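Read through the structure below, which is laid out as structure tokens, and then see the notes.
In what follows, every heavy atom counts, from backbone to side chain, and hydrogens, waters and symmetry copies are set aside. Keep in mind the model is a prediction, meaning the values are calculated, not measured. Protein chains get the first letters and strands the later ones, always in sequence-line order, with residue 1 at the start of each.
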Amino acid sequence: MVEYDFKKIEKKWQDKWDEANAFAAENGSDKKKFYALIEFPYPSGQGLHVGHPRSYTAMDIIARKRRMQGYNVLYPIGWDAFGLPAENYAIKNNVHPAVITAKNVANFKRQLKMLGFSFDWSREINTTDPKYYKWTQWIFIQLFKKGLAYKKEMPINWCTSCNVGLANEEVVNGVCERCGGEVIQKRQSQWMLKITEYAERLINDLDDIDFLEKIKTQQRNWIGRSEGAEVTFKLTTGDDMVVYTTRSDTLFGATYTVISPEHPLIEKLADTIENYDEVKAYQAAAARKSEFERTELAKEKTGVMLKGVKAVNPVTGTEIPVFVSDYVLVTYGTGAIMAVPAHDTRDWEFAKKFGLPIIEVVSGGKNVQEEAYTDVYKGTMVNSGFLTGMKVKDAIPAMIDYLEKEGLGKRKVNYKLRDWVFSRQRYWGEPIPIVHCDKCGYVPIPESELPLVLPDMEEFKPGENGESPLAHATEWINTKCPCCGGPAKRETDTMPQWAGSSWYFLRYTDAHNDKALASKEALDYWTPVDWYNGGMEHTTLHLLYSRFWHKFLYDIGVVPTKEPYQKRTSHGMILGENGEKMSKSRGNVINPDDVVNEVGADAFRMYEMFLGAFDQSTPWSQQGLKGCYKFIERVWNLQKIMTDEEGYSADIEKLAHKTIKKVGDDFERMKFNTAIAAMMSFVNEVSKKGSITKGEYMTLITLLNPVAPHMTEELWEMYGEGGLLSLRQWPEYDEAKTVDDEIEIVVQINGKIRDKAMVPAGLDREGLQKTALESEKIKALIEGKNVVKVIAVPGKLVNIVVK
RNA sequence: GCGCCUGUGGCGGAAUUGGCAGACGCGCCAGACUUAGGAUCUGGUGUCCCCGACGUGAAGGUUCAAGUCCUUUCAGGCGCACCA
């Protein structure tokens with residue numbers, strides 16, 4: 001027998017698969033399709049992280065199994081290659097981002113090939129390829145035409161370190177998601193996408209798709225739907241002030257109102273507000289605060305009362321003060337609230353600080369002078385006119401009905417979700433295909449001129465004062481208006497990295513089409529994606545954005561389904577050996593190149609799947625890795641004890657059928673660790689027995705093939721029936737042969753195990769009871785005691801209750 | 001603060017509907033082979049006062065029976081975070 005030489009074997013089969021184009025998906029096939037998807041990587045300079053192959057191997061296993069089950073499988077790969085790191089590198093080293101990107105892609109490709117993934121490389125895509133981003137730009141123009149892309153000057157999140165605007169989703173804990181830099185509010189003219197228009201559908205359609213519940217929950221929370229009412233408060237100046245509230249039941253307890261510092265009413269009332277200077281100063285102070293400070297300072301409420309202006313509570317007729325405070329956000333609701341300190345913690349804190357009256361209108365809690373009572377389930381209305389005596393849940397609609405009847409307010413649904421800030425002041429992104437003409441305004445370039453290619457530049461430094469590097473590309477910027485032919489200027493901001501990834505899965509279905517983003521036939525056949533695995537960190541970013549784009553494309557008739565992904569799962573992180581997050585600074589990074597060099601791709605893949613529960617974070621272990629290598633070698637060495645027998649031997653048959661069932665089921669549930677454990681047990685059994693039939697061996701390597709494709713192909717070539725094992729049929733099991741004829745049952749007395757017995761599998765209650773009571777051990781133990789009850793569970797146990 | 005998740009041997013982790021806790025792997029111990037072993041193979045390995053008892057973060061509860069269900073609580077992680 002030859003020694004196990006993974007270096008030789010792995011290279012050999014990777015070449016063979018390439019030559020045979022073994023994993024190419026077929027367009028126009030009659031076969032059932034299966035579309036497996038992983039998040040295409042950003043090709044960073046660091047190369048592959050051990051986290052990437054966790055997801056890729058998992059879906060590779062599913063894809064390979066489906067292929068063996070006769071499906072036409074699409075398992076594609078590409079590069080999400082626009083983005084900041086390449087651009088920053090370019091600025092520092094004065095190399096074109098395209099050059100460094102190409103280099104990084106080549107390195108990633110080498111690494112992915114080395115791991116033996118069954119990707120269809122003929123459909124490889126790259127978001128920075130003009131042939132690709134032509135269609136990203138095309139989608140943008142369609143959004144623009146439908147009024148879903150608009151330019152607006154507004155305060156946005158600005159990363160002071162990257163010098164770039166950020167979407168709401170890109171700000172995490174008040175700092176930049178990418179670099180951790182400080183985020184401030186900056187007024188900037190921005191392209192925005194109206195994702196809020198789709199808020200309702202993005203929530204509702206979650207009901208029809210198979211996403212992990214925690215993913216759905218996170219998206220629902222992020223979109224943040226709330227039902228309430230807009231209520232109009234008259235001001236003593238005669239102006240109207242509209243507030244949003246979900247607790248209209250508490251209107252009788254509203255003792256003041258608050259508007260956000262950015263609220264336009266302040267400017268409008270400038271002449272009436274007696275302390276306008278003080279208000280102005282407060283506005284300025286609020287504007288200077290970063291997101292971080294605003295959340296940090298959340299403990300202590302600040303604000304200024306508008307002197308000379310009062311609001312009138314519409315149900316009590318009482319005049320109440322109007323404050324400006326930054327605990328009210330201009331971006332949510334109407335930017336103004338009615339404050340009910342007795343039943344809202346934030347209002348309570350503010351009222352305490354400013355000595356404002358606290359009036360109880362819901363009873364059932366503690367003294368509202370001591371603490372706000374916010375429970376909406378148990379309380380009863382008091383001091384509330386016509387609402388008094390009602391339960392909160394009845395009082396809310398009753399009040400809204402009243403307000404609507406009296407013309408004082410109306411029902412309103414609000415979302416926390418905000419429109420998507422879509423401009424980036426960067427070079428290395430898709431140019432936004434819009435020109436600005438003084439006469440015609442913003443005009444999309446004709447679709448025939450797509451792609452609008454990035455101009456070649458020498459310098460990639462950002463322009464002055466938050467301008468894009470493209471501001472320096474004078475020749476490129478100046479153009480003609482497609483509408484009137486007059487002079488016009490191109491947009492110099494580019495799209496965010498999330499643009500290209502919002503539709504990439506559609507391109508895979510027909511990757512080389514130059515007439516459309518993909519043909520209708522290809523989209524009809526392949527979409528939706530059947531199973532998409534990716535990281536939790538993209539739940540409110542990529543996953544939400546791409547659902548939005550997909551719904552838009554559905555609305556304009558480009559794609560046939562409402563939702564892009566039928567099923568979404570998520571993997572846990574692989575931590576460093578010390579249990580901490582893997583990072584260069586912690587010095588606990590495991591490099592896939594080293595691992596493959598040491599134990600080979602098969603052992604690496606297996607360990608990635610074996611190290612823990614797929615959906616949980618688990619530390620890496622070099623020892624554990626060796627265990628998997630050892631197992632692979634043990635499988636290889638089974639050759640030594642292999643017999644010529646084709647089928648299963650009598651004593652292994654049941655185990656073989658059970659193993660086939662277990663491995664198949666566990667793969668489907670992404671319980672890869674237990675599937676591998678089952679195969680280990682199988683090997684332990686045949687090793688103990690000292691022989692394995694050829695039939696058993698071939699079944700074993702077929703089950704193992706999705707996990708360790710190279711060495712199983714090699715063994716198949718030596719002992720199998722020819723052809724590629726990767727394209728053979730998945731083994732079948734006989735349900736009848738997975739059940740034992742005789743099973744061991746447990747006999748308990750008062751829940752404690754006292755004896756065990758072998759009984760026929762189908763033995764009924766009476767039989768079990770009889771067996772248990774006839775046992776000598778049991779007889780001795782229950783001697784002289786009163787048997788109260790005997791519980792027999794067929795197939796499991798007998799429990800005798802005695803006194 | 002709110003929402004979600006996780007707590008099981010020395011370690012990573014198993015345990016479809018409540019029904020033998022600790023599968024499988026690592027580590028450790030012993031033995032075999034060996035000039036040698038950080039290679040390979042075989043056996044053992046939750047804890048203890050080892051007949052037996054105790055054991056799934058803690059405390060209660062439901063049940064003939066609880067890692068699994070309920071209540072309270074502690075610890076860790078993730079998400080959101082003044083969203084009215």
Excluding sequence neighbours, so at least two apart, what forms ring-ring contact (aromatic ring centres under 6.0 Å, His included) with A:Phe323? A:Tyr256, A:Phe350, A:Phe354
Decide, yes or no, whether a salt bridge links A:Arg54 with A:Glu608 under the criterion of side-chain N to carboxylate O below 4.0 Å. no
Salt bridge check: are A:Arg568 and A:Glu213 linked by an N-O gap of less than 4.0 Å? no
Pick the nucleotide of RNA chain B nearest each of A:Ser617 and A:Asp665; which residue has the one closer to the 5' end? A:Ser617
Anti/syn call for B:rG18, syn if |chi| within 90°: anti
Listed nucleotide nearest any side-chain atom of A:Tyr244, set B:rG12, B:rA84, B:rC54: B:rA84
Results of salt bridge (charged side-chain N to carboxylate O under 4.0 Å, His left out) for A:Glu537 - residues two or more places apart only: none
Which nucleotide in B:rG12, B:rA84, B:rG13 has an atom nearest any side-chain atom of A:Asn673: B:rG13
Looking at RNA chain B, which of residues 220-230 of chain A put a heavy atom within less than 4.0 Å of it? A:Asn221, A:Trp222, A:Ser226
Within 6.0 angstrom of A:Arg586 CZ, more than 12 heavy atoms from elsewhere: yes
Considering only nitrogen or oxygen atoms on both sides, find all protein atoms under 3.5 Å from nucleotides 37-46 of chain B and state each distance.
none

Residue set satisfying salt bridge (charged side-chain N to carboxylate O under 4.0 Å, His left out) with A:Glu370, at least two apart, ordered chain then number -> none
Partner set under salt bridge (charged side-chain N to carboxylate O under 4.0 Å, His left out) for A:Glu598, not counting sequence neighbours: none
Looking at A:Glu227 and A:Lys412, is there a salt bridge between them, counting it only when a charged N and a carboxylate O are closer than 4.0 Å? no
A:Asp740 meets the salt bridge (charged side-chain N to carboxylate O under 4.0 Å, His left out) criterion, sequence neighbours left out, with A:Lys658
Donor-acceptor pairs under 3.5 Å, side chain of residues 787-802 of chain A to any protein atom, not counting sequence neighbours: which ones?
from     : atom 1 : to       : atom 2 : distance (Å)
A:Asn799 : OD1    : A:Gly751 : N      : 3.0

Sub-3.5 Å pairs of nitrogen or oxygen atoms, protein against nucleotides 63-73 of chain B:
from   : atom 1 : to       : atom 2 : distance (Å)
B:rC64 : O2'    : A:Asn799 : ND2    : 3.1
B:rC64 : O2     : A:Asn799 : ND2    : 2.7

Return one dot-bracket line describing RNA chain B 5' to 3' (Watson-Crick or G-U wobble pairs, both distances under 3.5 Å; ( ) same strand, [ ] crossing, | another strand, . none). (((((((..(((......[....)))((((((.......))))))(((...)))..(((((..]....))))))))))))....
Is any side-chain N of the basic residue among A:Asp207 and A:Arg220 closer than 4.0 Å to the acidic one's carboxylate O? yes
Checking only heavy atoms, does the side chain of A:Lys301 share a donor-acceptor pair with the base of B:rC82 at less than 3.5 Å? yes
If the glycosidic angle sits within 90 degrees of zero it is syn, else anti. Tell me which applies to B:rC33. anti
Checking A:Asp5 now: which residues fulfil side chain to side chain contact (heavy atoms under 4.5 Å, CB included) with it, not counting sequence neighbours? A:Lys7, A:Lys8
Can you name the residues that form a side-chain hydrogen bond (donor to acceptor under 3.5 Å, both in side chains) with A:Thr674, not counting sequence neighbours? A:Asp666
Taking for A:Glu744 and for A:Ile676 the nucleotide of RNA chain B with the nearest heavy atom, the one nearer the 5' end belongs to A:Glu744
